[in-house]
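Below is one structure; the comments refer to it alone.
Just so you know, ligand 1 is whichever comes first in the structure, and atom 1 is the first atom listed for that ligand. Quantities reported herein were computed from a predicted structural model and do not represent experimental measurements. Computed over heavy atoms, backbone and side chain alike; hydrogens, waters and symmetry mates excluded.
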Amino acid sequence: MRPAFPLVRTTTPVPEAERRAVLAAPGFGKHFTDHMATAAWTTAEGWHDRRVGPLAPFSLHPSASVLHYAQEIFEGLKAYRHTDGGVRLFRPEFNARRFARSAERLALPVLPEEDFLASVEELVRADEAWVPGAGGEASLYLRPYMFASEAFLGVRPAEEVVYSVIASPAGPYFPGGVTGITLWVSSRYTRAGRGGTGAAKCGGNYASSLAAQIEAREHGCDQVLFLDDTGGKGDLEESGTMNLCLVTSGGELVTPGLGTILDGVTRDSILALAAEFGLTRVERAVTFAELRAGAADGSVTEVFAAGTAAVITPIVALKGEGFEFTVGGGAPGKYTLDIRGHLLDIQYGRAEDRYSWLRRVV
Ligand code: COI
């Protein structure tokens with residue numbers, strides 16, 4: 001059967017020695033594979049021109065809507081090499097469904113789930129040699145995205161849209177490893193409000209997080225923590241690129257409920273795994289005052305962040321205007337490290353895939 005995204009192989013692949021050097025120390029988001037998947041959409045034709053072809057720049061008219069009004073969405077997922085040599089994706093159906101919800105929020109056309117899956121799978125097959133070897137914590141990070149390519153300066157949903165997937169071999173997102181990071185609690189910036197785009201994975205959310213990220217760096221922190229001030233209570237939202245989880249001395253795994261935050265794949269997976277660690281999963285609003293008091297009196301024993309790129313990253317300290325405190329004595333917590341290890345074991349095929357989360361591609 002003809003693949004949904006037929007492959008036109010590049011005639012100028014990255015030389016093998018260069019690829020091997022990249023795979024030995026990939027970093028995050030710095031190197032790209034030989035191919036990309038693309039599809040085009042117009043109101044007249046719907047989705048068409050699906051293909052996997054050589055990685056190449058786009059040619060865009062200077063008035064393309066995305067450049068002016070940020071009509072854009074994206075996803076992030078990873079392909080993992082197992083010791084049997086095969087390559088698996090982790091819960092790509094979850095990404096496909098979230099991509100469809102983001103598209104609806106940004107008035108972009110919905111890409112059918114089977115196209116999302118076929119584009120990712122066929123790109124991974126074309127660039128299989130770029131999937132890092134089993135054994136470490138490296139993977140092939142896949143970045144599906146969609147943008148308004150129509151040349152038009154009026155503000156309305158674009159009638160021409162491009163969908164694409166690129167791939168990038170990835171090591172740890174935070175090069176410091178799992179020693180733990182410090183979050184800057186921004187009192188100046190918020191990320192989202194009710195009715196806004198907080199739950200969508202759109203570039204605009206990340207663009208607006210950058211000033212807060214700079215503020216965090218200026219205060220010696222690794223990332224920012226956004227609070228939701230719409231209710232005036234300072235509920236925890238998420239960090240710039242990750243969801244947040246707390247472990248309590250009462251054996252609960254608590255994470256802010258959905259609404260204005262990203263419905264994270266890693267967040268959802270951790271909630272599903274909580275019971276295996278004897279933790280009760282709780283999704284509810286958590287005020288920053290509660291977190292601070294809990295860290296002080298020992299009722300909040302661990303805090304960690306969760307995301308596809310960052311996996312599970314311990315939060316060992318929080319800082320803001322006029323305060324600074326540690327969590328769990330400033331060291332990564334046991335549950336944090338155990339859940340992280342177990343999730344990676346599932347992803348790399350070292351633990352049983354009880355929830356059928358893995359999808360074999362190669
Ligand atoms: C991911 O974890 O996949 C993300 O999208 C975070 C990213 C913006 C690096």
Exercise. Any N or O of Y141 that comes nearer than 3.5 Å to an N or O of ligand 1?
Worked result: yes

For this session: Could you tell me whether Y80 and Y348 have their ring centroids closer than 6.0 angstrom?
Result: yes

For this session: Starting from atom 8 (C) of ligand 1, locate the nearest protein heavy atom and write down its residue, its atom name and how far away it is, to 0.1 Å.
Result: Y206 CE2, 3.6 Å

For this session: Number the atoms of ligand 1 from 1 as they appear, then name those within less than 4.0 Å of a heavy atom of F74, with their elements.
Result: 5 (O)

Exercise. Is it true that E290 and R284 make a salt bridge, defined as a side-chain N closer than 4.0 Å to a carboxylate O?
Worked result: yes

For this session: Would you check if the side chain of T266 reaches a backbone N or O of A306 as a donor-acceptor pair within less than 3.5 Å?
Result: no

Exercise. Hey, is R91 close enough to D268 for a salt bridge, meaning N to O under 4.0 Å?
Worked result: yes

Exercise. Which residue owns the protein heavy atom closest to atom 7 (C) of ligand 1, what's the atom, and how far is it?
Worked result: R143 NH2, 3.9 Å

Exercise. Which residue owns the protein heavy atom closest to atom 9 (C) of ligand 1, what's the atom, and how far is it?
Worked result: Y173 CE1, 3.6 Å

Exercise. Which protein non-hydrogen atom lies closest to atom 5 (O) of ligand 1, naming both residue and atom, and how far is it?
Worked result: K201 NZ, 2.6 Å

For this session: May I ask you to check if R101 and F99 form a cation-pi contact, with NZ or CZ under 6.0 angstrom from the six-membered ring centre and within 45° of the axis?
Result: no

For this session: May I ask you to check whether F288 and F323 place their ring centers less than 6.0 Å from one another?
Result: yes

For this session: Look at atom 2 (O) of ligand 1 and say which protein heavy atom is nearest, naming residue and atom and giving the distance to 0.1 Å.
Result: A309 N, 2.8 Å

For this session: Any atoms of ligand 1 less than 4.0 Å from a non-hydrogen atom of G76? List them with their elements.
Result: 3 (O)

